[in-house]
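FYI, side chains are in, hydrogens and waters are out, and symmetry mates aren't considered; it's all heavy atoms of this structure.
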Amino acid sequence: MSTLDAPHTPTFPPLMYGEAAADPVTHAQMRAVQGCDAGLVAYDLGQSTLQAAIVFAPDVTLAEAAVMLPLCAVGFQNALGALGPPETAVQLEWDGGIRLNAARCGRFGIHASTDNPAEVPDWMVIDLTLPLWPLSDAPGEHPEDTALYAEGCTDVQAPQLLESWSRHTLTWVRSWEDDGIKPLHEAWRGLAWQIGEDVTVLGTSGTFLGVDENFGLLLRDADGATQLIPLTRLLETTP
């Protein structure tokens with residue numbers, strides 16, 4: 001199978017470096033707590049799942065730095081778009097979910113040293129979990145879920161995708177630093193899943209209107225009022 005040919009150790013762009021780990025999320029957080037340099041990419045190239053986590057060292061508040069979640073997601077879409085078949089449609093859910101040809105296919109998570117939106121975090125970790133192969137041989141058991149190789153991307157090798165994701169993510173970080181958040185907003189909006197539709201996110205239902213300047217989710221409820229759910233609500237518990 002072309003996707004599982006000879007092992008390949010991924011290489012990363014300048015300012016980023018990799019460390020293989022059985023549990024990339026925990027590894028990245030522990031290394032961040034120890035004071036590792038930003039740009040660490042912890043990864044596990046499993047036969048059925050790709051897992052990776054990038055360490056960031058924000059110099060802005062958590063409320064502003066949380067945009068690394070959609071930034072990494074746009075970087076992933078760019079990476080898969082460059083490597084996969086042109087007909088493969090990648091869309092991004094606000095809460096970190098990935099849609100591949102409209103089916104769920106992995107997700108991103110966000111972790112930080114603080115949950116206070118007004119504080120500058122010591123570190124932040126964005127992680128990616130991407131199923132490469134379906135959970136079972138009977139796709140009908142999970143009709144809403146898919147995997148990378150089930151969607152015609154069998155020529156996309158996991159190490160290459162990890163390398164490409166890191167490069168595109170770094171490019172977007174530089175864009176965010178140099179040009180502000182507007183280019184990221186424009187790119188993400190073109191990929192967003194269910195804008196204009198009724199959704200339920202974190203127990204709140206309404207029409208998905210879009211996002212604010214810090215990518216907070218804007219929902220219009222049944223009474224016509226607009227509610228804001230900040231990205232920081234997506235922070236996962238840090239061990």
Side-chain angles (χ1 to χ4, degrees), residues 12-16 38-39 41 50 52-56 58-110 112 124-130 146 148 151 153 156 160-197 199 201 207-219 228-234:
F12 298 94
L15 304 180
M16 302 184 84
V41 184
L50 163 62
I54 301 178
V55 175
F56 295 93
D59 57 5
V60 295
T61 65
L62 178 62
E64 299 169 274
V67 301
M68 290 301 105
L69 179 70
L71 184 151
C72 286
V74 171
F76 172 81
Q77 187 278 336
N78 294 169
L80 186 54
L83 297 174
E87 66 272 14
T88 303
V90 182
Q91 291 175 286
L92 306 173
E93 298 180 355
W94 176 82
D95 64 359
I98 301 168
R99 292 275 175 165
L100 200 55
N101 294 331
R104 290 189 298 255
C105 188
R107 66 178 302 100
F108 289 89
I110 179 171
M124 174 176 287
V125 169
I126 304 295
D127 73 274
L128 165 66
T129 300
L130 181 73
T146 191
L148 183 68
E151 297 299 324
C153 298
V156 180
Q160 292 175 322
L161 182 56
L162 178 62
E163 292 171 345
S164 185
W165 176 49
S166 66
R167 289 195 300 271
H168 283 284
T169 296
L170 183 58
T171 297
W172 274 110
V173 169
R174 289 170 173 162
S175 171
W176 175 67
E177 291 175 340
D178 295 341
D179 305 319
I181 204 168
K182 184 178 178 181
L184 179 62
H185 262 281
E186 293 174 349
W188 182 88
R189 187 175 178 83
L191 303 169
W193 175 256
Q194 290 187 311
I195 280 189
E197 300 181 25
V199 299
V201 178
T207 302
F208 181 10
L209 301 178
V211 295
D212 73 355
E213 64 275 10
N214 286 327
F215 277 90
L217 180 69
L218 297 171
L219 289 179
L228 170 65
I229 304 177
L231 270 177
T232 51
R233 287 276 307 278
L234 298 176

task: Show your reasoning for whether side-chain contact (heavy atoms from CB on, under 4.5 Å) applies to Leu217 and Leu228.
output: CA-CA 6 Å; Leu217 180 69; Leu228 170 65; 5.9 Å; no
message: Run the side-chain contact (heavy atoms from CB on, under 4.5 Å) test on Ile98 and Gln77 for me, step by step, so that the C-alpha distance in whole Å, both residues' side-chain angles and the decisive distance to 0.1 Å come before the verdict.
response: CA-CA 9 Å; Ile98 301 168; Gln77 187 278 336; over 6 Å; no
query: Taking it one step at a time, do Trp193 and Val199 satisfy side-chain contact (heavy atoms from CB on, under 4.5 Å)?
result: CA-CA 10 Å; Trp193 175 256; Val199 299; over 6 Å; no
message: Evaluate Thr207 against Leu219 for side-chain contact (heavy atoms from CB on, under 4.5 Å), listing each step before the verdict.
response: CA-CA 5 Å; Thr207 302; Leu219 289 179; over 6 Å; no
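Here the options are Leu80, Ile54, Leu50, Asn78, the test is side-chain contact (heavy atoms from CB on, under 4.5 Å), and the partner is Trp165; only Ile54 passes.
The shortest distance between side-chain heavy atoms of Asn214 and Leu231 does not fall below 4.5 Å. Looking at heavy atoms from C-beta onward, Val201 lies out of side-chain contact with Phe208 at the 4.5 angstrom threshold. In this structure, Val211 and Trp188 have side chains that are in contact, with non-hydrogen atoms separated by less than 4.5 Å. Annotation: side chain of Met124 is in contact with side chain of Leu62 (closest heavy-atom distance under 4.5 Å). At least one side-chain heavy atom of Phe56 sits less than 4.5 Å from a side-chain heavy atom of Val173. You'll find the side chain of Leu170 stays beyond 4.5 Å of the side chain of Phe12, heavy atoms only. Looking at Cys72 and Trp172, their side chains never come closer than 4.5 Å, going by heavy atoms from C-beta outward. Under the 4.5 Å side-chain criterion, counting only non-hydrogen atoms from C-beta, Leu128 is not in contact with Leu162.
The CD atom of Glu151 lies 3.5 Å from the OG1 atom of Thr146; values are rounded to the nearest 0.5 Å. From Leu83, atom CG reaches atom CD of Glu163 across 9.5 Å, with rounding to the nearest 0.5 Å. The CZ atom of Phe108 sits 12.0 Å away from atom CD of Glu93, with the distance rounded to the nearest 0.5 Å. With rounding to the nearest 0.5 angstrom, the CD atom of Glu213 is 14.5 Å from the NZ atom of Lys182.
The shortest heavy-atom contact between Pro70 and Leu184 is O-CD1, 4.4 Å. Of all the heavy atoms in Glu87 and Asn101, the pair that sits closest is O-OD1, 3.8 Å. Contact between Ile110 and Ile126 at its shortest, heavy atoms only, is CG1-CD1, 3.7 Å. Here the closest heavy-atom approach between residue Met16 and residue Ser166 is recorded as SD-O, 3.4 Å. What you find for Gly210 and Ile195 is that their closest heavy atoms are CA-CD1, 4.5 Å. Residues Thr88 and Cys153 share a closest heavy-atom pair of OG1-SG, 3.8 Å.
Using a distance-only test at 3.5 Å, with no hydrogens or angles considered, a donor-acceptor pair links the side chain of Thr171 to the main chain of Arg167. A donor-acceptor pair is defined here as one N or O able to donate and one able to accept, closer than 3.5 Å; no such pair exists between the side chain of Trp94 and the backbone of Gln194. Under the 3.5 Å distance criterion, the side-chain polar atoms of Arg99 are left unmatched by any main-chain donor or acceptor of Ala89.
Ring centers of Phe76 and His168: at least 6.0 Å apart, outside the cut-off.
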